[in-house]
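So that the names make sense, note that chain A is the first sequence line, chain B the second, and so on, each numbered from 1.
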There are 2 protein chains.
Amino acid sequence: MTDATTDPSPLVHEVLAAVLQVRQGSLQVLLWERALEPHAHRWSLPGGRLGADEDVETSIRRQLAEKVDVRQVSHVEQLAVFSAPDRVPGPRVVATAFLSLVPSHMDPELPGDTAWHPVSALPETAFDHGAIVLRARNRLRAKLSYTNIGFALAPPEFTVSALRSVYSAALGYKVSATNLQRVLSRRGLLEHTGETTKPGRAGGRPAAQFRFADSTMAVTDPFAVLKPPAAPKGQ
Amino acid sequence: MTDATTDPSPLVHEVLAAVLQVRQGSLQVLLWERALEPHAHRWSLPGGRLGADEDVETSIRRQLAEKVDVRQVSHVEQLAVFSAPDRVPGPRVVATAFLSLVPSHMDPELPGDTAWHPVSALPETAFDHGAIVLRARNRLRAKLSYTNIGFALAPPEFTVSALRSVYSAALGYKVSATNLQRVLSRRGLLEHTGETTKPGRAGGRPAAQFRFADSTMAVTDPFAVLKPPAAPKGQ
DNA sequence: ACAAAAGTGTTTGAACTACACCCATGC
DNA sequence: GCATGGGTGTAGTTCAAACACTTTTGT
């Protein structure tokens with residue numbers, strides 16, 4: 001399968017993460033500004049070379065720790081491999097891209113060359129990193145519908161209207177608070193904490209606080225159609 | 001991002017494909033039997049080393065051509081990267097795994113060391129290839145529900161009951177022909193060809209022939225819930 | 001006529017959207 | 001009181017599963 005004695009095409013494997021967070025009402029991505037050529041001053045995704053003793057997920061978590069406190073990263077998942085031979089100038093570099101999420105209440109300290117940018121208004125990006133960000137956003141949007149991945153975007157406790165803002169920012173359209181609560185409750189994803197928030201100066205009923213019942217990603221709406229036949233009543 | 005002048009950890013990138021086909025009423029995968037150590041006589045996925053001038057998809061298509069006529073491959077998509085440092089003995093090998101499909105009416109000529117095996121009864125597999133096959137099956141099963149990927153498993157023209165067999169084999173449970181036709185028709189995926197088949201000796205009504213309206217993968221049931229608000233009536 | 005296989009009509013139920021209405025608070 | 005924001009009740013719709021029934025053939 002592989003011939004280790006000769007290496008006709010030296011190859012570097014890098015890992016990259018599109019770190020997404022809802023901030024200031026919009027879905028944003030963490031980028032750093034390249035100081036050096038190639039593509040100096042363009043914005044690129046955090047990441048780096050895959051180490052000898054780590055798999056790609058371990059590697060991206062390690063490399064993210066240089067930009068963001070890892071404990072603030074609530075979810076990491078593989079997106080895809082980007083491997084066009086000319087995707088970066090110079091020697092061949094194949095990248096494994098990740099989708100990574102940070103809850104909206106976090107505000108990590110960032111290195112000076114690093115900043116958040118709205119996904120809907122990206123600055124000039126390096127290499128194929130812009131395409132990776134869009135793939136990440138699409139994946140997130142899809143998963144908001146059929147998994148519990150909202151837990152990774154929301155703070156540990158939240159009101160329904162706060163959660164509505166998070167979902168609306170990520171999806172790019174207004175979500176109804178009523179229906180959001182219904183859907184997530186029906187699926188058993190939401191739990192009351194028992195706490196309520198005080199209304200603002202304008203008054204209004206105090207809002208109940210919720211949390212997500214589970215904080216590991218799970219598919220909650222497995223396949224909508226072509227389900228297996230129902231078990232006979234005797235079962 | 002990468003330092004090309006030194007290469008502390010030589011790394012090989014391979015591409016692997018789980019080629020799935022419905023044959024003899026079950027979902028099967030194409031495997032070849034390794035002649036040499038390591039893992040001699042175990043069964044492994046077709047694939048090989050990524051070439052210098054190709055991306056991973058081009059590479060897997062090229063390598064599959066050595067086992068199966070490429071024109072018979074109806075669908076190829078990335079599955080995931082497998083990168084555990086010890087996933088194969090010896091020098092580091094990172095793999096990009098693919099899901100690949102062959103329509104059920106094809107019966108490609110195979111090399112002598114290659115054979116189809118039911119996914120539900122795999123022989124002893126090499127390395128992590130067994131896990132890759134199961135991931136491929138799970139991906140296929142999920143996509144049968146919310147995309148038109150059936151086109152890649154079915155022959156160009158088929159009766160509803162033939163299509164039912166294909167779906168049943170892939171999903172692992174009996175699918176109702178009635179409901180299958182309803183779901184696919186409602187989504188506009190099926191077209192009448194105008195032809196009908198002759199009944200067998202036992203009689204029965206002649207079956208209408210259908211084809212899939214589209215032969216490129218598309219999501220047909222985008223998100224079941226949290227849809228964007230309906231456009232106002234005036235639109 | 002009868003059996004067999006294909007295809008349609010119709011009921012039931014689940015799940016989601018939309019909207020009306022009620023609740024609890026500040027001023 | 002009344003405005004404001006939170007929460008529930010309840011149609012109405014869509015979509016899919018289940019099953020009865022009709023259609024069209026071979027024997």
Side-chain angles (χ1 to χ4, degrees), chain A residues 144-146 157-165 167-168 171 173-210 219-235, chain B residues 144-146 157-165 167-168 171 173-210 219-235:
Chain A
L144 283 171
S145 186
Y146 67 92
E157 304 197 349
F158 47 82
T159 64
V160 171
S161 70
L163 191 63
R164 188 192 79 96
S165 308
Y167 271 72
S168 296
L171 289 171
Y173 54 80
K174 289 287 181 200
V175 172
S176 144
T178 300
N179 293 335
L180 181 62
Q181 184 176 19
R182 292 269 162 86
V183 168
L184 298 182
S185 297
R186 193 166 32 227
R187 294 178 176 177
L189 303 187
L190 291 186
E191 280 177 356
H192 276 94
T193 68
E195 307 289 307
T196 55
T197 58
K198 289 235 182 295
R201 300 133 194 75
R205 175 170 166 175
Q209 296 261 70
F210 291 85
V219 173
T220 56
D221 193 18
F223 26 77
V225 296
L226 301 176
K227 292 189 224 278
K233 270 192 308 189
Q235 299 286 53
Chain B
L144 283 171
S145 187
Y146 67 91
E157 303 197 349
F158 46 82
T159 64
V160 171
S161 71
L163 190 64
R164 187 192 77 95
S165 307
Y167 272 72
S168 295
L171 290 170
Y173 54 79
K174 288 287 180 199
V175 172
S176 143
T178 298
N179 293 335
L180 181 62
Q181 185 176 18
R182 292 267 163 84
V183 169
L184 298 182
S185 296
R186 192 165 32 229
R187 294 179 175 175
L189 303 188
L190 292 185
E191 281 178 353
H192 277 94
T193 67
E195 307 289 307
T196 56
T197 57
K198 289 234 180 299
R201 298 136 197 75
R205 175 169 166 173
Q209 296 262 65
F210 291 85
V219 173
T220 57
D221 193 17
F223 24 78
V225 295
L226 301 176
K227 293 187 224 274
K233 271 192 308 188
Q235 298 284 55

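Backbone-only engagement by A:K227 is indicated by non-hydrogen atom pairs under 4.0 Å involving sugar-phosphate atoms exclusively. Residue-level contact check: B:T159 touches neither bases nor backbone, having no heavy atom under 4.0 Å from any strand. Within the 4.0 angstrom heavy-atom criterion, no nucleotide atom of any strand lies near A:A177.
B:Y167 places its OH atom 13 Å from the P atom of D:dA16, with the value rounded to the nearest Å. The CG-C1' distance, from A:L163 to D:dG7, rounds to 15 Å in whole Å. Taking atom CZ of A:R164 as the reference point, atom C1' of D:dG7 lies 14 Å away to the nearest angstrom. Rounded to a whole Å, the CZ atom of A:R205 is 18 Å from the C1' atom of D:dC2. If you measure from atom NE2 of A:H192 to atom P of D:dG6, you get 14 Å, rounded to the nearest angstrom. Per the geometry, CZ belonging to B:R186 stands 12 Å off P belonging to D:dT14, to the nearest Å.
In this structure, A:Q181 does not reach the D:dG6 phosphate: none of its side-chain N or O atoms is under 4.0 Å from OP1 or OP2. Side-chain nitrogen and oxygen atoms of B:S176 include none within less than 4.0 Å of the OP1 or OP2 phosphate oxygen of D:dA17.
Nearest-nucleotide positions on DNA chain D for A:V160 and A:A202 put A:A202 closer to the 5' end. Summary of the strand contacts: B:G203 and B:D221 both lie near DNA chain D, and taking for each the nucleotide with the nearest heavy atom, the more 5' one is attributed to B:D221.
Taking all atoms of both residues into account, the shortest heavy-atom contact from B:P222 to B:V219 is CA-CG1, 3.6 Å.
Nucleotides of DNA chain C that come within less than 4.0 Å of any heavy atom of chain B span, from the 5' end to the 3' end, C:dA4 to C:dA18.
Side chain of B:T159 to main chain of B:A208: no donor-acceptor pair is present (N/O by atom type, distance under 3.5 Å, no hydrogens or angles).
With hydrogens and angles ignored, no donor-acceptor pair under 3.5 angstrom links the side chain of A:R182 to the base of D:dG7.
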